[in-house]
Q: 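Attaching a single structure in structure tokens format; questions to follow.
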Amino acid sequence: MILNSLNEAQQEAVRAPLGHQLVLAGAGSGKTRVLTHRIAWLVEVEKISPFNILAVTFTNKAANEMRTRIESILHVSAKNMWIGTFHGLSHRFLRAHWQEAGLPQLFQILDSDDQFRMVRRVINALNLDEDKFPPKEAQWFINAQKEEGLEPHEVKPRDLNGQMFLKIYAAYKEACQRAGVIDFTDLLLKTYKTLLSNAELRAHYQSRFRCLLVDEFQDTNTLQYAWLKLFAGEENSVMIVGDDDQSIYGWRGAKIENLHRFSKDYPNAKVIRLEQNYRSTGTILKAANTLIAQNSGRMGKNLWTDGKDGDKITVYSGFNETDEAFFIVNRIRELHQTDYALKDMAILYRSNAQSRVLEEALMQFGIPYRVYGGLRYFDRQEIRDALAYLRIIANRADDPAFERIINTPTRGIGDRTITSIREHAKAANISLWDALEQLLKQNFFAARAETALLSFVNLISTMSDRALMLELDKKVEYMLNASGLIEHYRKEKGEKGLTRLENLEELVNAAHQFSQEGVEDDMPPLAAFLAYAALESGSEQAEAYTDCVQLMTLHSAKGLEFPVVFLAGCEEELFPHYLCMHDPKALEEERRLCYVGMTRAMRKLYMSYAEVRRMHGKEVYHRPSRFLHEIPVELIDEIRFRAKVSRPQPITNSYTPQSQGKFRIGQEVVHRIFGQGTVLETEGDGEDMKVKVRFAKVGTKVLIASYLEGK
DNA sequence: CGGGAAAAGCTTTTT
DNA sequence: GCTTTTCCCG
């Protein structure tokens with residue numbers, strides 16, 4: 001039976017009778033297992049049809065993983081099950097009910113960058129001063145209102161400033177409507193509002209979803225909670241899984257109180273605690289428990305393991321940040337030579353800026369590493385350009401896309417010309433595209449601008465005509481060439497242009513793969529692909545398997561685990577961050593962040609700090625983080641090197657990982673065009689050897705070895 | 001339109 | 001301080 005592998009608390013959660021359950025799942029307590037087994041149980045034992053189940057997560061990654069795992073446990077297809085992110089499921093809902101939601105059938109989704117541009121344009125159109133009303137703040141304001149479930153007419157401005165922001169919100173909303181686009185938060189808000197105002201639809205969905213499950217519930221915001229309650233209605237069972245101690249997204253609207261609110265709203269909800277930890281040593285858990293016990297208002301939870309206590313936690317006091325980095329790198333080297341693969345070790349830090357010193361140290365030692373959390377595929381400039389062309393093909397009214405490509409690649413359409421199009425669009429309350437066509441008819445433009453504009457209009461029309469006949473991937477390929485994007489980026493010199501071309505080529509592959517996998521919705525393939533690109537920002541390319549040390553922020557480490565964890569920069573002002581220090585609530589969130597970081601470690605945990613650190617250009621002295629003092633001293637092994645800063649030894653003799661052929665990881669090399677660099681990875685041998693090199697001037701690039709010279 | 005100089009950030013991030 | 005974005009001029 002499916003329960004064999006579960007402990008008692010886990011089984012209790014899986015077998016719970018229909019009704020409401022709150023599962024408090026500590027770090028490493030098998031939360032995903034419980035969720036997936038619960039769903040399997042519902043289907044196989046409670047005989048609930050997959051059709052009647054709704055499971056919500058926050059990231060696509062989590063949703064995909066859940067679906068895969070369920071399908072491997074279950075003997076029934078999970079196809080009919082609604083598993084996805086809040087945004088993904090809302091999108092599905094709105095595609096099915098666009099009429100009820102008052103949307104055009106082929107509405108497009110704005111990502112945050114599009115949203116930002118749109119907000120800025122609205123501010124300018126209202127003749128407001130960007131310095132007085134920064135687009136960033138306006139964007140934040142708009143999203144905050146939406147996350148409280150408020151449309152412009154429902155917002156009660158607090159002061160004069162708030163009134164202006166409200167005005168911007170209202171104008172932004174109109175602009176979105178005109179363009180037939182909706183932003184991320186709109187996906188949820190429109191779903192919520194539609195369901196709220198349409199009793200028939202509400203009844204339909206409430207009778208459909210008999211069982212609802214939510215993962216990472218501590219990260220839900222007000223709107224998501226309301227969304228969930230509306231889908232759940234009075235009758236259906238809801239299981240929420242979360243951990244108040246791992247709530248680290250309060251700053252972006254997550255309401256930890258939703259956990260308490262759930263117990264109030266559903267007083268019969270059964271509370272189940274998963275406290276047995278399968279990840280970390282006893283020592284790590286004891287330390288983490290003691291630390292988090294400092295927080296107030298917890299729901300209460302104490303992690304335990306029946307495993308060994310393991311090693312003490314190593315605390316290293318570095319002289320400065322470079323010394324700290326060298327300590328970490330030295331340890332990594334030692335551990336790599338004895339017991340651990342590089343990919344089993346992670347360096348976690350509070351803020352991205354910290355990665356540089358660490359990277360430099362790793363490079364000097366020739367240790368391959370990977371930094372997580374960079375620019376994702378669909379966020380890249382060239383990809384966004386390409387998608388904008390596709391969007392304009394799909395929907396001429398898509399103003400943000402129009403703005404993006406009207407002069408990209410440059411075709412001699414200047415700012416003044418665009419401004420007059422904008423003004424006409426605003427005055428006539430029509431899309432930029434329609435405004436352009438009208439103005440052309442009126443012979444509004446000077447001859448030179450007119451020629452350029454006509455060729456743009458022709459280009460888009462020809463493109464969409466020709467594209468009609470083509471398969472999705474051919475469509476993308478055709479567009480890339482016809483638009484001149486390929487040519488444009490080919491001209492971009494150096495490394496960047498080449499990478500961009502590769503990325504654009506990859507888009508054709510992505511489109512091909514997408515159409516192969518088949519779309520479930522009855523949407524045109526192009527529209528479906530665009531929605532996919534907007535919602536699935538594309539995990540940073542799944543690079544071929546390489547054994548690399550992993551670098552990431554504490555936030556992005558959530559949900560992951562590593563045998564060895566280095567928590568760098570444990571200093572006051574940095575961690576806890578100085579912007580959080582005077583707000584008790586924010587400080588508790590920092591502490592939870594520390595708790596999250598510590599509980600990522602399976603066997604070895606290192607925490608380090610620097611006495612002097614260069615920050616914002618100044619040398620600053622910080623005390624060790626208060627979090628270090630909140631760990632029982634008997635669990636800590638403290639190392640201090642006071643004598644002098646430990647410099648790295650030249651890597652030539654000390655460390656030669658996987659060195660084959662002519663080049664060695666860590667070796668300094670010279671390229672005729674790209675200049676000096678360091679070898680990061682090697683692949684193959686002899687003439688065919690491929691070498692990944694980080695160049696001082698142009699970034700990282702994979703090259704054939706014969707183009708390089710050793711130094 | 002593109003390159004260089006000046007100016008502005010500078011916590012954490014997913015959709 | 002360092003990096004990224006914006007701005008201005010040839």
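Computed from a predicted model, the values in this text were never measured in an experiment. Chain naming here is simple, since letters A, B, ... match the order of the sequence lines and numbering starts at 1 in each.
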Q: Looking only at side-chain N and O atoms, does A/N352 come under 4.0 Å of OP1 or OP2 in B/dT13?
A: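 For A/N352, the contact criterion (side-chain N or O under 4.0 Å from OP1 or OP2 of B/dT13) is met.
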Q: Nearest 0.5 Å please: distance from the CD1 atom of A/I83 over to the CD atom of A/E65.
A: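 A/I83 atom CD1 to A/E65 atom CD measures 11.5 Å (nearest 0.5 Å).
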Q: Hey, are A/E216 and A/K558 close enough for a salt bridge, meaning a charged N less than 4.0 Å from a carboxylate O?
A: yes
Q: Under 5.5 Å between ring centres and under 30° between planes: does that hold for A/W251 against the base of B/dT12?
A: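 Base of B/dT12: stacked against A/W251.
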Q: Consider the side chain of A/T85, meaning its heavy atoms from C-beta on, and name the nucleotide among B/dT15, B/dT13, C/dT3 that approaches it most closely.
A: B/dT15
Q: Under a 3.5 Å limit for both distances, which nucleotide forms a Watson-Crick or G-U wobble pair with B/dT14, could you say?
A: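 When the pairing criteria are applied, nothing turns out to pair with B/dT14, so the answer is none.
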Q: From NZ of A/K136 over to P of C/dT6, roughly how many Å is that when rounded to an integer?
A: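 About 9 Å, once rounded to whole Å.
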Q: Expressed in angstrom and rounded to an integer, what is the separation of A/H87 atom NE2 from B/dT13 atom P?
A: 17 Å
Q: Would you mind classifying the nucleic acid contact of A/R120 as base, sugar-phosphate or nothing, using non-hydrogen atoms under 4.0 angstrom?
A: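 Since only primed, P, OP1 and OP2 atoms lie under 4.0 Å of A/R120, the category is sugar-phosphate.
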Q: For A/M81 and A/R67, which heavy atoms make the closest approach, and how far apart are they?
A: O-NH2, 3.3 Å
Q: Within this structure, what is the CH2-to-P distance between A/W140 and B/dT13, rounded to whole angstrom?
A: 18 Å
Q: Scan side-chain atoms only and decide if A/Y489 and A/D385 contain a donor-acceptor pair under the 3.5 Å cut-off.
A: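 Judged by distance alone, the side chains do pair up.
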Q: Just how far, in rounded Å, is C1' of B/dT15 from CZ of A/R92?
A: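 After rounding, the gap between these two atoms is 17 Å.
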Q: So what does A/Y578 hit on the nucleic acid, given a heavy-atom distance under 4.0 Å: a base, only sugar-phosphate, or nothing?
A: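 Here A/Y578 touches the backbone only, sparing every base.
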Q: A/L535 side chain: which of C/dC2, B/dT15, B/dT12 is closest?
A: B/dT15
Q: Just checking A/R411: base, sugar-phosphate only, or nothing, at a heavy-atom cut-off of under 4.0 Å?
A: sugar-phosphate
Q: Looking at C/dT5, which nucleotide sits across from it as a Watson-Crick or G-U wobble partner, both distances under 3.5 angstrom, or is there none?
A: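 Checking every strand shown, C/dT5 finds its partner in B/dA6, with both distances under 3.5 Å.
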Q: Tell me whether the OP1 or OP2 atom of B/dC1 has a side-chain N or O from A/T410 closer than 4.0 Å.
A: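 Yes, because at least one side-chain N or O of A/T410 sits under 4.0 Å from OP1 or OP2 of B/dC1.
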Q: For nucleotides C/dT6 and B/dT11, find the distance between their C1' atoms and express it as a whole number of Å.
A: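 Here C/dT6 and B/dT11 have their C1' atoms 24 Å from each other.
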Q: Just to be sure I understand the rule, does A/D183 reach a base, reach only the sugar-phosphate, or reach nothing, if contact means heavy atoms closer than 4.0 Å?
A: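 Contact class for A/D183: none.
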Q: Measuring to OP1 and OP2 of B/dT14, would you say a side-chain N or O of A/R376 lies under 4.0 angstrom away?
A: yes
Q: OP1, OP2 of B/dT13 versus side-chain N and O of A/S556: anything below 4.0 Å?
A: yes
Q: Using a cut-off of strictly less than 4.0 Å, decide whether A/S112 has a side-chain nitrogen or oxygen near OP1 or OP2 of B/dT15.
A: no
Q: Taking the six-membered ring where the residue is Trp, are the ring centres of A/F58 and A/Y249 under 6.0 Å apart?
A: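 No, too far apart.
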Q: Hey, can you tell me if A/Y532 and A/F378 have their rings parallel, tilted or perpendicular (30° and 60° cut-offs)?
A: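 Because their plane-to-plane angle is over 60°, the rings of A/Y532 and A/F378 count as perpendicular.
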Q: By nearest nucleotide on DNA chain B, pick out whichever of A/D379 and A/E589 is the more 5' one.
A: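 Counting from the 5' end, the first nearest nucleotide belongs to A/E589.
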Q: If you assign each of A/L593 and A/I413 to its closest nucleotide in DNA chain B, which residue comes earlier from the 5' end?
A: A/I413
Q: Using only side-chain N and O atoms of A/N407, determine if any of them is under 4.0 Å from OP1 or OP2 of B/dC1.
A: yes
Q: How close or far is atom C1' of B/dT12 from atom CE of A/M581, stated in whole angstroms?
A: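 So the CE-C1' distance, A/M581 to B/dT12, works out to 16 Å.
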Q: Describe the nucleic acid contact of A/G412 in one word from base, sugar-phosphate, nothing, applying a heavy-atom distance below 4.0 Å.
A: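 A/G412: backbone/sugar contact only, no base atoms under 4.0 Å.
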Q: Using the P atom as the point on both nucleotides, what is the distance between B/dT13 and C/dC2, in whole Å?
A: 23 Å
Q: Is A/D183 salt-bridged to A/K146, cutoff N-O under 4.0 Å?
A: yes
Q: For A/T185, answer base if it contacts any base atom (sugar-phosphate contacts may also be present), sugar-phosphate if it contacts only those atoms, and nothing otherwise; contact means non-hydrogen atoms under 4.0 Å.
A: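 A/T185: no heavy atom of the nucleic acid under 4.0 Å.
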Q: Which one, B/dT11, B/dT13, B/dT15, comes nearest to the side chain of A/N60?
A: B/dT15
Q: Nearest to the side chain of A/H616, which nucleotide is it out of B/dC10, B/dT15, B/dT12?
A: B/dC10
Q: Please report the distance, rounded to the nearest Å, between NE2 in A/H577 and C1' in B/dC10.
A: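 Between C1' of B/dC10 and NE2 of A/H577: 8 Å.
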Q: Measure NE2/A/H488 against C1'/B/dG2 and give the value in whole Å, please.
A: 10 Å
Q: Whole angstroms only, please: what is the CD-C1' distance between A/Q381 and C/dT4?
A: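 After rounding, the reported distance stands at 13 Å.
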